[in-house]
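Computation of the quantities below employed the complete heavy-atom set of this structure, encompassing side-chain atoms and omitting hydrogens, waters and symmetry-equivalent molecules.
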Amino acid sequence: MKKKDYMPEKDGDFDVLQNNVYTAATTSAAKWLIPQELFTALNVPRQRWISAYAAYCNPAARTSAVTREKNDAKKEYRAALRTFVQGQIMHNTQVSDAERLAMSLPVYDRIPTQAQPPKTRTVMEIVFSQILKHTVHVRDSELKGAGKPAHVIGFELWRRIGGDTEPKFEEMQLVELATRSPHTLEYTSADRGRLVWYASRWVNTRGDKGPWSEIISAIVP
């Protein structure tokens, strides 16, 4: 069976992944022993992609030439990013499995027969006692206490900011993969008083996702 490609085809998903990888890699370059010149080389196609994608995201200026440039920039950057990820992250012993999953990259499971997809749901509670902050507490629907199911590395946290009615899961955006609970999110003064909708689900060491939690909401204080 052909393995699923970790490099997304959809523009928005690819942009999220590339940003996660580049940000994490530049932040941890010293710890992961990644030479600076590799970032210099990677940043050339990256900046082309950022510029082309920004232009494409403006419907009023989206011409055939803009679309073609976006596609060409993405093709070039995908190839460069894949080479970087394979050479500097996937087989780098300085990078932990949790760090790879936080970048939405796959983990090479050494005991694949034991790591089954999560079957239980996450249960969330939002604490909003601090101004401009939400603290998300996550536990398992079947376990007592704050423990995670076996082989679970953390949970995906999704949200939608604004709106008076409960959104569908596909209308929400992935915030990040959190490896610990509680997890705090900070907002700006412009968000104060807005309703934020949250959902989450477990992720195991192979990147398998569990069932969705209930969607809950909280006001930004």
Side-chain angles (χ1 to χ4, degrees), residues 8 10-32 34 39 43 46-47 49-50 53-54 57 89 95-105 118 121-141 145-149 152-204 207 209-221:
K10 292 184 178 179
D11 294 338
D13 294 341
F14 171 71
D15 192 57
V16 170
L17 180 135
Q18 70 85 16
N19 186 64
N20 288 345
V21 170
Y22 191 85
T23 301
T26 51
T27 301
S28 302
K31 185 179 74 170
W32 294 351
I34 302 177
F39 291 107
N43 202 39
R46 180 173 183 267
Q47 290 303 321
W49 159 254
I50 291 173
Y53 184 51
C57 287
I89 296 178
V95 184
S96 70
D97 287 349
E99 288 169 327
R100 291 187 184 93
L101 284 174
M103 291 182 280
S104 299
L105 296 175
R121 298 177 182 272
T122 50
V123 177
M124 293 185 297
E125 177 186 359
I126 311 297
V127 176
F128 49 100
S129 56
Q130 293 181 280
I131 293 177
L132 300 180
K133 289 186 179 181
H134 281 171
T135 301
V136 184
H137 293 258
V138 174
R139 62 177 177 84
D140 187 72
S141 60
K148 294 180 290 191
V152 161
I153 198 75
F155 59 92
E156 283 186 347
L157 183 60
W158 294 68
R159 72 178 174 189
R160 189 184 77 180
I161 302 176
D164 297 326
T165 58
E166 181 178 301
K168 298 178 181 179
F169 292 114
E170 55 266 28
E171 295 173 333
M172 307 178 83
Q173 292 185 323
L174 175 65
V175 180
E176 58 189 301
L177 188 148
T179 57
R180 294 182 180 181
S181 174
H183 186 76
T184 299
L185 297 172
E186 297 186 359
Y187 290 89
T188 67
S189 56
D191 296 317
R192 198 167 187 185
R194 300 182 73 185
L195 196 61
V196 182
W197 302 86
Y198 292 99
S200 61
R201 55 185 176 181
W202 293 125
V203 180
N204 71 8
K209 317 294 173 55
W212 285 106
S213 68
E214 297 291 334
I215 295 176
I216 64 173
S217 63
I219 295 288
V220 176

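Under the 4.5 Å side-chain criterion, counting only non-hydrogen atoms from C-beta, Ile126 is not in contact with Thr135. At least one side-chain heavy atom of Ser213 sits less than 4.5 Å from a side-chain heavy atom of Ser200. Contact of the Arg192 side chain with the Ile131 side chain is registered, since non-hydrogen atoms from C-beta on lie closer than 4.5 Å. Side-chain contact between Trp197 and Glu171: absent, with no pair of heavy atoms (C-beta onward) separated by less than 4.5 Å. Residues Arg201 and Phe155 are not in side-chain contact: their nearest non-hydrogen atoms beyond the backbone lie 4.5 Å or more apart. Between Arg139 and Thr122 there is no side-chain heavy-atom pair separated by less than 4.5 Å. At a threshold of 4.5 Å between non-hydrogen side-chain atoms, the residues Val196 and Asp191 do not count as touching. Residues Val21 and Gln18 form no side-chain contact, since every pair of their non-hydrogen atoms from C-beta on lies 4.5 Å or further apart.
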(message) Between Val123 and Asp140, does the side chain to side chain contact (heavy atoms under 4.5 Å, CB included) criterion hold? Intermediate values first, please.
(response) CA-CA 6 Å; Val123 177; Asp140 187 72; over 6 Å; no

(request) Please lay out, stage by stage, how Lys133 and Val127 fare under the test side chain to side chain contact (heavy atoms under 4.5 Å, CB included). (result) CA-CA 8 Å; Lys133 289 186 179 181; Val127 176; over 6 Å; no

(message) What verdict does the side chain to side chain contact (heavy atoms under 4.5 Å, CB included) test give for Glu99 and Trp32, after you've listed the backbone C-alpha separation in whole Å, the side-chain angles of each residue and the deciding distance to 0.1 Å?
(response) CA-CA 11 Å; Glu99 288 169 327; Trp32 294 351; 3.4 Å; yes

(request) List the steps, then state whether side chain to side chain contact (heavy atoms under 4.5 Å, CB included) holds for Ile215 with Phe169. (result) CA-CA 8 Å; Ile215 295 176; Phe169 292 114; 3.5 Å; yes

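Interatomic distance, CD of Glu186 versus CD of Gln130, reported as 9.0 Å (0.5 Å rounding). Taken from OG in Ser104 to CG in Leu174, the straight-line distance is 6.0 Å, to the nearest 0.5 Å. To the nearest 0.5 Å, atom OG of residue Ser181 and atom CD of residue Glu125 are 9.5 Å apart. Atoms CG and CG, from Asp164 and Leu195 in turn, are 7.0 Å apart once rounded to the nearest 0.5 Å. Note that CG of Leu177 and NE2 of His183 are 9.5 Å apart. Values are rounded to the nearest 0.5 Å. Summarising the geometry, atom CG belonging to Leu17 is positioned 9.0 Å from atom CE belonging to Met103; distances are rounded to the nearest 0.5 Å.
Nearest heavy-atom pair across Gly12 and Tyr53 is CA-OH, 3.4 Å. Of all the heavy atoms in Leu105 and Ile89, the pair that sits closest is CD1-CG2, 3.7 Å. For the residue pair Met172 and Pro167, the shortest heavy atom distance occurs at CG-CG, 4.0 Å. Nearest heavy atoms, Trp49 versus Asp11: CZ2-O, 4.0 Å. Closest approach of Pro118 to Pro211, counting heavy atoms only: O-CD, 3.5 Å. Taking both residues in full, the closest heavy atoms of Ile34 and Ala25 are given as CD1-CB, 4.4 Å, listed atom of the first, atom of the second, then distance.
If you run side-chain hydrogen bond (donor to acceptor under 3.5 Å, both in side chains) between Tyr198 and each of His134, Glu214, Arg159, only His134 comes through.
Here Trp212 and Trp158 bring their ring centres to under 6.0 angstrom of each other.
Between the side chain of Thr23 and the backbone N or O of Asn20 there is no donor-acceptor pair closer than 3.5 Å. Here the side chain of Asn43 pairs no donor or acceptor atom with the backbone of Arg46 at under 3.5 angstrom.
Donor-acceptor pairing under 3.5 Å is lacking for the side chains of Gln173 and Arg160.
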